[in-house]
Amino acid sequence: MRRRLVSYTLILGMTCLLAACGFQLRGSGGTSAALPDSWKKMYLVTGNPNGEFTQAVRTVFTTSNIQWTDKNEANYSLVLGPERFSKASLSLNTEARVSQFELTMQSTFSVVDASGGVAMPDTTASVLRRMENDPRNALGMGEEVRILKTEMRTELAQQIIRRIGFFATSEP
């Protein structure tokens, strides 16, 4: 009985410590942007409506209570440029092979109001990641790059909604 009480107390204490330090699971909370109600109805203009980046933007915006509507019903249109991905070598190992890569993903976007005026001018958002390379494991590296690209798309979409949220709340 006494052991059980000690273990429950220890579990409760650890839970309180984790909550007090601000720990939260990746992807939970923090992505919601405080947009005014007039910005909650948007139309998405993109060159690749079924692309992975467009889907990431739709998902992030939807979880932030943005309602995607027809162009006629929308107060604003998000004009989303294509994602641009690049991979550059950072360092070499003793065998003169690449030991570190720098991955960059960028996209340019703007917001147009219902009357066709520019509400937010062209803005470029970018995400940068570094990754270690093991030349003997090419298959594993390809899978790691694929996973990182998916994470980078989501992070880029979150950055876009944060910037729009900041812009929308700071305009007069």
- Query: Between the side chain of Ser110 and the main-chain N/O of Pro121, is any donor-acceptor distance below 3.5 Å?
  - Reply: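 No.
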- Measure from the side-chain N and O atoms of Gln106 to the backbone N and O of Val127, and report whether any donor-acceptor pair falls under 3.5 Å.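 Between the backbone of Val127 and the side chain of Gln106 there is no qualifying donor-acceptor contact (under 3.5 Å).
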- Note on the structure: One should read off an interatomic distance between Ser126 OG and Gln159 CD, to the nearest 0.5 angstrom, of 6.0 Å
- Query: Which value, rounded to the nearest 0.5 Å, describes the distance between Thr104 atom OG1 and Arg84 atom CZ?
  - Reply: 11.0 Å
Can you name the side-chain hydrogen bond (donor to acceptor under 3.5 Å, both in side chains) partners of [X], sequence neighbours left out?
X	answer
Thr46	Thr54
Gln55	none
Arg58	none
Thr124	Thr108

- Does any non-hydrogen side-chain atom of Lys87 lie less than 4.5 Å from one of Met131?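 Of all side-chain heavy-atom pairs linking Lys87 with Met131, none is under 4.5 Å.
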- Query: Is any side-chain heavy atom of Val45 less than 4.5 Å from a side-chain heavy atom of Leu80?
  - Reply: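 They are not in contact (no side-chain heavy atoms under 4.5 Å apart), so the answer is no.
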- Residues in salt bridge (charged side-chain N to carboxylate O under 4.0 Å, His left out) contact with Arg146, at least two apart in sequence or another chain: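 Applying salt bridge (charged side-chain N to carboxylate O under 4.0 Å, His left out) to Arg146 gives Glu143.
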- Quick one: list whatever passes salt bridge (charged side-chain N to carboxylate O under 4.0 Å, His left out) with Glu73, sequence neighbours left out.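 If we apply the salt bridge (charged side-chain N to carboxylate O under 4.0 Å, His left out) test to Glu73, skipping adjacent residues, there are no hits.
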- Note on the structure: Quick note, salt bridge (charged side-chain N to carboxylate O under 4.0 Å, His left out) partners involving residues 106-122, not counting sequence neighbours, are none
- Message: Enumerate the salt bridge (charged side-chain N to carboxylate O under 4.0 Å, His left out) contacts for residues 41-57, please, sequence neighbours excluded, ordered by first and then second residue.
- Response: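 Listed by first then second residue: Glu52-Arg153.
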- Message: Would Arg130 and Leu103 count as a side chain to side chain contact (heavy atoms under 4.5 Å, CB included) here? Give the steps.
- Response: CA-CA 6 Å; Arg130 292 183 180 182; Leu103 309 175; over 6 Å; no
Please name the pair of heavy atoms, one in [X] and one in [Y], separated by the smallest distance, quoted to 0.1 Å.
X	Y	result
Ala157	Val60	CB-CG2, 3.8 Å
Pro82	Ser107	O-OG, 3.6 Å
Arg129	Leu148	NH1-CD2, 3.4 Å
Ile161	Ser64	CD1-CB, 3.4 Å

- Partners of Ala74 by side-chain contact (heavy atoms from CB on, under 4.5 Å), sequence neighbours excluded? Tyr43, Thr69
- State which residues pass side-chain contact (heavy atoms from CB on, under 4.5 Å) with Thr123; sequence neighbours excluded, sorted by chain then number. Phe109, Met120, Arg163
- Show which residues join Val118 in its hydrophobic cluster (side-chain heavy-atom contacts under 4.5 Å, direct or indirect), or state none. none
- Query: Taking the six-membered ring for Trp, are Phe167 and Trp39 parallel (under 30°), tilted (30 to 60°) or perpendicular (over 60°)?
  - Reply: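 Geometry flag for Trp39 against Phe167: perpendicular rings.
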- Item | Transitive ILVMFWY side-chain link Ile164 to Val79, under 4.5 Å |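 No, separate clusters.
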- Query: So if you build clusters from Ile, Leu, Val, Met, Phe, Trp, Tyr with side-chain heavy-atom gaps below 4.5 Å, do Val112 and Met42 land together?
  - Reply: no
- Query: Is the shortest side-chain N to carboxylate O distance from Lys149 to Glu83 below 4.0 Å?
  - Reply: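 Salt bridge: no.
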- Message: Show every ring pair (Phe, Tyr, Trp, His ring centres under 6.0 Å) that has at least one partner inside residues 50-71, sequence neighbours left out.
- Response: Phe61-Trp68
